[in-house]
Every structure is written in structure tokens, then in C-alpha cells.
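Some notes on the structure that comes next.
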Amino acid sequence: MSESGAMAPAASQHRHRHVLIYLSFAVLVLLLLAATAAIVLLAVLRPRDPTTELLSANATGTVPSVALPAFSIQLNLTFLLVVRVRNPNPASFRYGEAATSLLYRGASVGGAVVPPGTVPSRGATTVRLNMTVQADKVVAAAGLGGLLGDVLAGEMEFEARTEVKGRVTFLGFVKRSAVARTVCRVAVGVPDVKVRRQECHNEAKL
């Protein structure tokens, strides 16, 4: 066998080995690029909790008074709450009916429902809630003694619970459900019917 004939297989194996190294390197680079792209995509599309915030609370009407001789409790009180729903995600947040419950001493005494809507990506929308306090439920919740005690103390404290359920959709097909809740305590002065203080906190779950 000639020397050139013996070198041909060796050269072919050398070239084959180089091709395998190049291919392995190319596959490794592609895998690294894919992993980097996946990390960036997850960071960008990582769903964040929508939040709700009570912007203002106002009360109108009359606080409890006693009507004689029938001895009945007269109460005509309406709350106007302005709530902002903020969406920090790079995709719109579509929500269904937003329910707000008004509680007095832990018992439901009123409520409101807001029609479905959409919060734009990294945007916010404002929701206005009108709630009329139901006098009979206030008396049932506190009892006559408890209600008169609050009146003599100069204020009545209510709790407003707002729940917004919806869904965030990424890239048109990645969907995540979300629920944002706000719990606010609002103290109304007696007899001036002014909001003396309000304290809120948020909780959300995706």
C-alpha cells in the first residue's frame, strides 16, 4: 500500500472529527441561546399580581336617630367608593363582575356590583361604587344597644371588601387567572356623616 493511500483514511477521520466538534459546539451554542431566551421570556411574561386601591370614600345621608313615639331607628346612609384597579403585567387584565360587600360589625349591610371590564397592560382603571346601607341589617348586626353605643361614641365603623376576579393572557394563549382583593375600614362620624379615617390593605393571588 502506498503512503498516500495510507494517509487518506487518516485525513478523512481527522476531518470527520472536526465536523463532529463543530456540530457539537453549534448545538451547545443553540442550547445556550434557547436557555437564555427562555429565561428572558419568563422574566418578561412572569405574571404579577393585579392590585386594587381605594382612592376615596365619601358618605352622604343621615346617621341613626330615634323616631318617637313608635321608637324606630331612622337611618339613610350611602357610601361612594372610588377604587383603582392596577395591572402591572405586559398583557391586558380582563375581569368579570367586581363585587363589593359592605359590613358593619361583621355582618353584611350593603353591597355593589360593577360590570365586567378590561385593564390595559401596565395600566389602570377606576371603578366607582355606590352602596346604600340597609338600616334593618345595621340594627340586626349591632343590636339596639350596640348601635346606640356607637352613636354616643361619635362614629360608626364599616368595612368594605372588594373582590375583582379576572384573567391575564400572554401572547394570546398563555392564560393565568387572578383575584385581587381590597379590605378597607371606613369610620363615619356621628352626626356630621363625614369619613374620619380609612385604612386599607391589598391581597392578590395568581
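Along the sequence shown, residues are numbered consecutively beginning with 1.
Looking at Asn87, its side chain never comes within 3.5 Å of a backbone N or O of Pro50 through a donor-acceptor pair.
Closest of all the heavy-atom pairs between Val186 and Val195 is CG1-CG1, 3.6 Å. Of all the heavy atoms in Ala91 and Ser121, the pair that sits closest is N-CB, 3.4 Å. Taking each heavy atom of Leu81 and Ala160 in turn, the nearest pair found is CD1-CB, 3.7 Å. In plain terms, the two heavy atoms of Arg128 and Val114 that are nearest each other are O-CG2, 4.4 Å. A pairwise comparison of heavy atoms in Gly110 and Gln134 identifies CA-NE2, 4.2 Å as the closest pair. Taking all atoms of both residues into account, the shortest heavy-atom contact from Tyr104 to Ala142 is CE2-CB, 3.5 Å.
Taking the side chain as every heavy atom from C-beta outward, Tyr95 and Val127 approach each other to under 4.5 Å. Counting only heavy atoms from C-beta outward, the side chains of Asp150 and Glu157 never approach each other to under 4.5 Å. Counting heavy atoms from C-beta outward, Leu102 and Val133 have side chains that approach closer than 4.5 Å. Using a 4.5 Å heavy-atom cutoff, the side chains of Glu97 and Pro116 are in contact. Counting only heavy atoms from C-beta outward, the side chains of Val193 and Leu77 approach each other to under 4.5 Å.
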Determine, stepwise, if the pair Leu147 / Met156 fulfils side-chain contact (heavy atoms from CB on, under 4.5 Å).
CA-CA 8 Å; Leu147 181 58; Met156 299 175 65; 3.7 Å; yes
Applying salt bridge (Lys or Arg N to Asp or Glu O under 4.0 Å), run through Glu199 and Arg197 and close with a yes or a no.
CA-CA 7 Å; Glu199 177 185 356; Arg197 67 178 184 275; over 6 Å; no
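Taken to the nearest 0.5 Å, the CZ atom of Phe158 stands 14.0 Å off from the CZ atom of Arg185. Here the CG-CD distance, from Leu54 to Gln198, works out to 5.0 Å after rounding to the nearest 0.5 Å. Rounding to the nearest 0.5 Å places CG of Asn76 at 7.5 Å from OG1 of Thr60. Between the CG atom in Asn89 and the CZ atom in Arg122 there is a gap of 8.0 Å [rounded to 0.5 Å].
Ion pairing between Arg84 and Glu53 holds under the 4.0 Å rule for side-chain N and carboxylate O.
Lys165 meets the salt bridge (charged side-chain N to carboxylate O under 4.0 Å, His left out) test with Glu163; sequence neighbours excluded.
In the displayed structure, Arg105 atom CZ is contacted under 6.0 Å by more than 12 heavy atoms of other residues, nucleotides or ligands.
Follow the hydrophobic side-chain contacts under 4.5 Å out from Val109 and you reach Met131 in the same cluster.
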